[in-house]
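On a predicted model such as this, the values are computed, not experimentally measured, just so you know. Chain identifiers are assigned alphabetically (A, B, ...) following the order of the sequence lines, protein sequences preceding nucleic acid strands; residue numbering begins at 1 within each chain. Scope of the values below: all heavy atoms of this structure, side chains included, with no hydrogens, waters or symmetry mates.
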Amino acid sequence: MADFGGWEMPIEYAGVLAEHAAVRERVGLFDVSHMGKVDVRGAGALAHLNALLTNDLGRIVDGQAQYSLMCDVDGGVIDDLIVYRWSDSDFMIIPNASNASDVVRQLRSNIPSAVEVVDNHDQRGIIAVQGPRSSDLLTRLNLPVDHEYMTVVASRYRDYDVAVCRSGYTGERGFEIVAPVEVIPELWDDLLKYGEDLGVLPAGLGARDTLRTEMGYPLHGHELSRDISPVQARLGWAVGWDKPDFVGREALSVERSVGPRRVLRAVKAVDRAIPRAHMSVQAVDGRDIGQVTSGTFSPTLKVGIGLALLDPTISAGDRVFIDVRGRLGEFEVVATPFVPAHTR
Amino acid sequence: MVPEDLKYSTEHEWVRVEGEIASFGITHFAQESLGDIVFVSLPKVGTSLSAGDVCGEVESTKSVSDIYSPVSGVVLRVNTDLDSAPETVNSDPYNAGWMVEVSVANGVSGLLSAAEYSQFLDGGV
């Protein structure tokens with residue numbers, strides 16, 4: 001167990017490799033109840049959110065979900081989050097645990113009188129069910145599974161209202177079930193029980209990190225922060241550049257037109273080195289070109305992989321060197337994901 | 001999980017002494033603390049080691065740890081099977097997961113017995 005933003009979280013149960021394989025090949029369960037859960041409701045909720053978040057909620061219809069960012073005026077990222085649109089006056093937002101209170105505070109600033117922000121952080125839990133057999137498992141619990149990737153369906157479980165989201169942080173087909181905390185222990189136990197013959201395993205933060213790194217998904221605090229903009233993190237696709245206005249728009253537009261001073265790239269080991277966060281990266285000619293933001297051993301590829309903020313002249317196909325505890329490991333700059341995604 | 005016939009270091013290495021040859025690896029406790037081991041790097045054959053020297057690294061999905069030589073001597077063999085199957089250290093730390101074999105003409109010293117190491121693990125030393 002480890003302290004994670006004030007939450008006591010399991011790093012691993014059976015072991016990172018076994019849990020990682022369960023998610024890639026069968027199905028794994030993550031208790032991600034530490035994540036924030038915020039409802040934003042009322043007439044004008046859509047416009048209020050569209051002014052605070054970078055992505056354009058006009059791009060999605062009711063029942064769809066969208067990855068978005070909350071930036072400060074300088075274009076720094078307060079948090080990255082998923083917005084679920086029930087209607088134009090009813091949204092559910094899932095921010096990161098450690099940023100949830102900042103997100104709520106921002107959502108409540110300059111709020112129109114008809115809009116309310118309800119912080120359900122301690123009232124709801126989330127179980128992520130991820131992997132190719134996740135649909136089979138949810139079907140056994142009479143939960144809906146036929147909706148598309150990045151959509152959400154309201155359902156009932158043991159007489160409680162739950163939201164079944166077709167989303168996740170692993171790159172596999174999967175669901176995130178948002179439910180009242182009262183029913184979370186039973187939901188967890190039921191998923192383990194009914195998934196036993198499917199080979200279900202509970203999975204911890206360790207596997208969550210290896211799985212998301214193989215996808216090249218950013219983690220706030222590593223690939224995104226107040227100092228790392230979405231332009232640098234190559235998340236321009238999550239910015240509604242054509243929206244009339246949103247917090248951070250001016251700074252981000254300038255950075256986009258001038259060009260970022262550093263860019264997030266993916267690196268894969270040529271030899272046996274494993275990159276870790278904060279290790280420095282050198283070009284072939286020895287010049288310092290940046291830093292690793294996340295790194296791990298890829299259980300699927302069986303080599304070291306990482307994400308790094310690098311000089312913008314570096315691009316896919318280039319060779320770079322990473323200082324791994326005094327020894328230079330050779331890496332290739334590659335495109336993400338490192339392994340094919342099967343989210344759909 | 002502390003075999004009686006081995007000696008131990010406080011850095012959680014085990015040592016098997018057979019005449020003038022000692023082999024060593026990491027203990028059950030060490031492999032369990034590290035979690036899934038994904039890389040093992042070992043010294044070159046012919047390297048002269050002094051007890052306490054860092055002579056390699058064990059990297060798991062979670063972290064990386066140095067391997068300290070528990071004995072002084074010259075490296076005779078290293079377990080190259082660990083290159084392709086580092087998880088052997090997790091599954092069989094005291095046998096197939098051995099790491100280094102060293103010529104110890106001057107014997108070994110400063111090591112713990114199985115009972116002493118067990119006591120050390122319990123925080124009793």
Applying a strict 4.5 Å limit to non-hydrogen atoms, the region of B:S63 in contact with chain A is backbone
Angle between ring planes, B:Y94 versus B:Y8, binned at 30° and 60°: parallel, tilted or perpendicular?
perpendicular
Using non-hydrogen atoms and a 4.5 Å limit, figure out which bit of B:D83 sits close to chain A: side chain, backbone, both or neither.
both
Just by distance, with hydrogens left out, do A:D80 and A:N96 show a side-chain donor and acceptor under 3.5 Å apart?
yes
Decide whether A:S33 and A:D31 meet the rule of one side-chain donor and one side-chain acceptor closer than 3.5 Å.
yes
Aromatic ring centroids of A:Y217 and A:H222 under 6.0 Å?
no
Which atoms of B:E57 approach chain A - backbone, side chain, both or neither, heavy atom under 4.5 Å:
side chain
Checking A:A18 against chain B: side chain, backbone, both or neither under 4.5 Å from a heavy atom?
backbone
Side chain from CB out, backbone as N, CA, C, O: work out which of these in A:T210 comes under 4.5 Å of a heavy atom of chain B, or both, or neither.
neither
side-chain hydrogen bond (donor to acceptor under 3.5 Å, both in side chains) with A:H20: of A:D209, A:T300, A:T170, only one passes, and it is A:T300
